[in-house]
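The block underneath contains the structure these notes are about, expressed in structure tokens.
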There are 2 protein chains.
Amino acid sequence: MSARRDEPAANAPELRERVLDAFRDLLRERTFESLSVAEIIAAAGVSRASFYFYFAGKQAALAELVRRAVGAGHQAAQPWTEPGTAAPVDPRAALRAGIDAGATLWLDNAGVLRAIVESWGSDPQLRELWLGQMATFTAAAAERIQADPEAMRRLAGTDVTAVAASLTWLGERLYYLAACGVPPFDDRAVLVDTLHHVWISTLYPGG
Amino acid sequence: MSARRDEPAANAPELRERVLDAFRDLLRERTFESLSVAEIIAAAGVSRASFYFYFAGKQAALAELVRRAVGAGHQAAQPWTEPGTAAPVDPRAALRAGIDAGATLWLDNAGVLRAIVESWGSDPQLRELWLGQMATFTAAAAERIQADPEAMRRLAGTDVTAVAASLTWLGERLYYLAACGVPPFDDRAVLVDTLHHVWISTLYPGG
DNA sequence: GCGATGACCATACATAGTGTTCAGTCATGA
DNA sequence: TCATGACTGAACACTATGTATGGTCATCGC
């Protein structure tokens, strides 16, 4: 039915990719809100009609970029969320590794993630996407906590899900501030150390 | 020079107040971004020209509302930031009182505060305002921590300012989620307990 | 080769919002 | 009675969004 000239099948339309690439590049230096569709398509070398053929709007394109970025995010946090296959790792070290991987993810995708953090409040689609992501991380963290007798002993009598959600959102905020270059979190070492410190204090205060 | 008909002096122009009141009311149920100047002036019963005479735009009006709301905020946190005049209060109890006062402040001014949290990322003026506020709270918290030998013993070797900033931003985020009705923080008891728990764990882990 | 198909583009359009301008109204105070 | 200053209403230029139209061009079946 379609007139294809390259790969035999399952080839994501090239224009679509070009738009997403250009959009991601622009977001590295520009605000989502300040970007117009005109600028995006100019950078992508694509017509206005094509853009609206592939995406319902700016938001929809951003949503796609976010989905791709956080897809990698799940793997990033895995060292801590899925306790080592064989050797029982020190939870503190695993946690630090997860936090560090999160920092890498955020800095690599700073533009896209900054954009959704600033936009999910005013767009239903983006809100659902982001709250869903946070809920996923929260659930993973809560599960990991509940599997840890030491942590559970400390948290006795408190709402584990709420604590897990707090720590998740603390991460979101600090990573975001780092991506915005707000001190003192623009210093990656400070960011990771501080986040790690609060998580550890909350979960394993015995130290 | 001006033709006044009421109070003798220092009378803030009535139209300006009407705009601010209407704006605050609208923000209780609507998003800042989704509100147009047309709607605001319609609700206020004021002409477009008058609006732009008193405010440079939507953002400037919001900034004014935020300044007024957080003016009260400084007092709200005072029980903890400025240790009691005479009797040495239990820092944990004082902290809880401060957190609870913060919750009251946020719920009273939910619309305005939600608006700035969602907008400071894309407006230089609002950014400066909000980051300044957070810096103020952070400084107060850091000072309070440094005055407390018990807390300082625990935090030995870590960046106190960074920890104070983390806890400040954690508060910002959790209060915001509560104002948005995001579970589990839409439950005020959970909000206050969890925030209190993380602060205490981080600062006074001895229990 | 020939016509159909579908991807793509340029242009134009309707709609909506922003911020400015300007002529005009109306109460007050001199 | 006139001048002043607060305020309005309407129009304007500009920018952005999302849609609709007509046309180009490569490819495919035949």
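Below, all heavy atoms of this structure are taken into account, side chains as well, without hydrogens, waters or symmetry copies. Below, chains carry the letters A, B, ... as their sequence lines are ordered, and counting in each starts from 1.
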Whether A:Tyr54 contacts C:dA7 is assessed here as follows: a side-chain N or O lying under 4.0 Å from the phosphate OP1 or OP2. Is that the case? no
Return the value, rounded to whole Å, for the distance between atom CD1 of A:Ile41 and atom P of C:dC8. 14 Å
Take the protein atom CD of A:Glu33 and the nucleotide atom C1' of D:dT17, then report the distance between them rounded to whole Å. 14 Å
What is the separation between atom CZ on B:Phe53 and atom C1' on D:dT8, rounded to the nearest whole Å? 14 Å
Would you call A:Asp21 and A:Arg18 a salt bridge, using N to O less than 4.0 angstrom? no
Quick one: OG1 on A:Thr194 to CZ on A:Phe185, what's the gap to the nearest 0.5 Å? 5.5 Å
Tell me whether A:Arg92 forms a cation-pi arrangement with A:Tyr204, defined as NZ or CZ under 6.0 Å from the six-membered ring centre and within 45 degrees of its axis. yes
Determine, step by step, whether A:Trp130 and A:Glu172 satisfy the side-chain hydrogen bond (donor to acceptor under 3.5 Å, both in side chains) criterion, reporting the C-alpha distance in whole Å, the side-chain angles of both residues, the deciding distance to 0.1 Å, and the verdict. CA-CA 11 Å; A:Trp130 196 240; A:Glu172 187 243 30; 3.0 Å; yes
Between N or O atoms, less than 3.5 Å apart, protein on one side and nucleotides 19-21 of chain C on the other: list the pairs.
residue	atom	partner	partner atom	Å
C:dG19	OP2	B:Tyr52	OH	2.8
C:dG19	N7	B:Arg48	NE	3.2
C:dG19	N7	B:Arg48	NH2	2.9

SB check B:Asp148 B:Arg154 (cutoff 4.0 Å): no
Output yes when at least one side-chain N/O atom of A:Ser50 is less than 4.0 Å from OP1 or OP2 of C:dC9, else no. yes
Using whole Å, what does the distance between atom C1' of nucleotide D:dG5 and atom CG of B:Leu15 come to? 13 Å
Side chain to side chain, A:Tyr175 and A:Leu195, heavy atoms closer than 4.5 Å: yes
Atom-to-atom span, CD of A:Glu17 to P of C:dC8 - whole angstrom: 12 Å
Could you tell me the separation between the CZ atom of B:Arg16 and the P atom of D:dA6, rounded to a whole number of Å? 14 Å
